[in-house]
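Below you'll find the structure, written out as structure tokens, and then a few comments.
Being a predicted model, the structure only gives us computed values, none of them experimental. All values below come from the heavy atoms of this structure, side chains included, with hydrogens, waters and symmetry mates left out.
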Amino acid sequence: MTVLLAHAHSPYAWQADVDTTVVVPVLSLLYLFAVGRLGAPRWRIGCYAGAMVLLAVAFWTPIHHLGLHYLLTAHLLQNVILAEWAPMLAVLGIARPMAEQLARARTWRVLTHPAVALPLWVADYFAWHVPPIYDAALHHQAWLIHVEHACYFGTGILAWWPLMQDIPRRLPSGARAGYAFAAFVFAAPVGLLLALLPKPAYPFYVHARPRVWGLSPLADQEIAGVTMAAEQATVLFVVFFFWFRRFLAEEGAM
């Protein structure tokens, strides 16, 4: 269910999404309960708080309204927040005792294995960007769009786990660098393909009115693709460089 505020008046309306209005507070309360029971350093608490702020920005600002009705660029920005930025900070917010509790579940140990987590994240990215599926989610905003968003955030948590956590397994620095590089190589084609296609891929945005910022559907798609590819290159390169530098230091090369 979605509550629309001033939809008829402005593309920049603030749109409160009922599901996420519930989800963000619930995730915050669960984390606070875990902190009270198991403890966590302040910097980890700050990281998790940052993740919740990003989710709030993605769903409680005009980015949400623009993405669901007018601009592919806004929707891809929202997806990047859900699949990459917010999950990364959320995983960083998990203290060791919390990770140990999660690792007791065999399912969690399997899902966070690098050979499982990364393919799930990449497959999720590709699947939801297939034009018929992407348009279907936008046409069924009462339920399917929420499934999409949950998949992005869930697989994002799994994908970042091997890079940021040492439990249930501690990957060597070199392996983490290779993992970050692989994540970029496999995910980058989505944004690059959108930037290079000669025609708009998603009919939903072709028919969107009014044309916000005077962008044609193709120009909107090109900007969205370039922005997405550039963001992934920047974030994953920084992570790759961090772990590669540590790998060199451990090998005595620095």
Side-chain angles (χ1 to χ4, degrees), residues 31 34 38-55 76-77 79-105 107-126 151-192 226-254:
Y31 184 76
L38 301 170
R42 289 184 180 180
W43 72 270
R44 287 197 182 274
I45 296 173
C47 287
Y48 194 88
M52 295 303 101
V53 169
L54 284 175
L55 290 180
L76 287 194
L77 174 59
N79 291 346
V80 163
I81 292 173
L82 289 173
E84 299 176 37
W85 302 352
M88 176 181 65
L89 287 176
V91 170
L92 282 172
I94 303 299
R96 184 180 183 87
M98 300 177 193
E100 289 172 344
Q101 289 288 322
L102 290 170
R104 291 182 178 180
T107 300
W108 187 254
R109 296 196 300 272
V110 171
L111 290 175
T112 55
H113 191 284
V116 176
L118 184 57
L120 281 176
W121 180 72
V122 173
D124 182 72
Y125 242 129
F126 275 88
C151 287
Y152 278 135
F153 188 69
T155 59
I157 293 287
L158 298 179
W160 281 108
W161 197 271
L163 281 168
M164 304 297 181
Q165 290 287 340
D166 296 334
I167 299 171
R169 61 191 60 82
R170 182 185 179 91
L171 293 183
S173 297
R176 296 193 197 205
Y179 182 98
F181 183 76
F184 169 71
V185 169
F186 288 122
V190 177
L192 294 175
V226 169
T227 302
M228 182 178 176
E231 173 276 331
Q232 288 177 334
T234 301
V235 172
L236 290 172
F237 177 77
V238 169
V239 175
F240 163 79
F241 182 76
F242 172 85
W243 288 114
F244 186 67
R245 181 182 174 87
R246 177 169 290 190
F247 165 72
L248 293 178
E250 291 170 354
E251 294 298 315
M254 291 184 64

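- The CG atom of Leu89 lies 11.0 Å from the CD1 atom of Ile81; values are rounded to the nearest 0.5 Å.
- What you find for Leu236 and Ala183 is that their closest heavy atoms are CD1-C, 3.9 Å.
- In terms of modelled atom types and a separation under 3.5 Å, the side chain of Trp161 and the main chain of Ile167 share a donor-acceptor contact.
- Once rounded to the nearest 0.5 Å, the distance linking CG of Leu54 with CE of Met88 reads 8.5 Å.
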**OP:** Take Glu84 and Glu231, measure what side chain to side chain contact (heavy atoms under 4.5 Å, CB included) needs, and give me the verdict at the end.
**Re:** CA-CA 10 Å; Glu84 299 176 37; Glu231 173 276 331; 2.7 Å; yes
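- The two residues Ala117 and Leu158 come nearest to each other via the heavy atoms CB-O, 3.2 Å.
- Between Trp160 and Trp121, the distance from one ring center to the other does not fall under 6.0 angstrom.
- Note that CZ of Phe153 is 13.0 Å distant from CG of Asp124, once rounded to the nearest 0.5 Å.
- Taken to the nearest 0.5 Å, the CG atom of Leu82 stands 8.5 Å off from the OH atom of Tyr152.
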**OP:** Give the intermediate values and the outcome of salt bridge (Lys or Arg N to Asp or Glu O under 4.0 Å) for residues Glu100 and Arg96.
**Re:** CA-CA 6 Å; Glu100 289 172 344; Arg96 184 180 183 87; 3.3 Å; yes
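- Between Ala40 and Tyr31 the shortest heavy-atom distance is CB-OH, 4.0 Å.
- The 12-atom threshold is exceeded at CZ of Arg169, counting heavy atoms of other residues, nucleotides or ligands nearer than 6.0 Å.
- Listed here is the closest heavy atom pair of Ala103 and Pro168: CB-CB, 3.9 Å.
- Here the shortest heavy-atom pairing between Ala177 and Trp243 reads N-CB, 3.7 Å.
- Pro87 and Gly156 get closest at one heavy-atom pair: CB-C, 3.4 Å.
- To the nearest 0.5 Å, atom OH of residue Tyr179 and atom CG of residue Leu163 are 5.5 Å apart.
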**OP:** Before giving the answer on side chain to side chain contact (heavy atoms under 4.5 Å, CB included), spell out for Leu111 and Leu120 the whole-Å C-alpha distance, their side-chain angles and the decisive distance to 0.1 Å.
**Re:** CA-CA 9 Å; Leu111 290 175; Leu120 281 176; 4.0 Å; yes
**OP:** Output, in order, the C-alpha distance, side-chain angles, deciding distance and verdict of side chain to side chain contact (heavy atoms under 4.5 Å, CB included) for Arg246 and Phe242.
**Re:** CA-CA 6 Å; Arg246 177 169 290 190; Phe242 172 85; 3.5 Å; yes
**OP:** Would you sort out whether Tyr125 and Phe186 count as a side chain to side chain contact (heavy atoms under 4.5 Å, CB included), showing the intermediate values?
**Re:** CA-CA 10 Å; Tyr125 242 129; Phe186 288 122; over 6 Å; no
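- A distance of 7.5 Å separates CD of Gln165 from CG of Leu92, quoted to the nearest 0.5 Å.
- Under a cut-off of 6.0 angstrom, the local environment of CZ in Phe181 is sparse, with at most 12 non-hydrogen atoms contributed by other residues, nucleotides or ligands.
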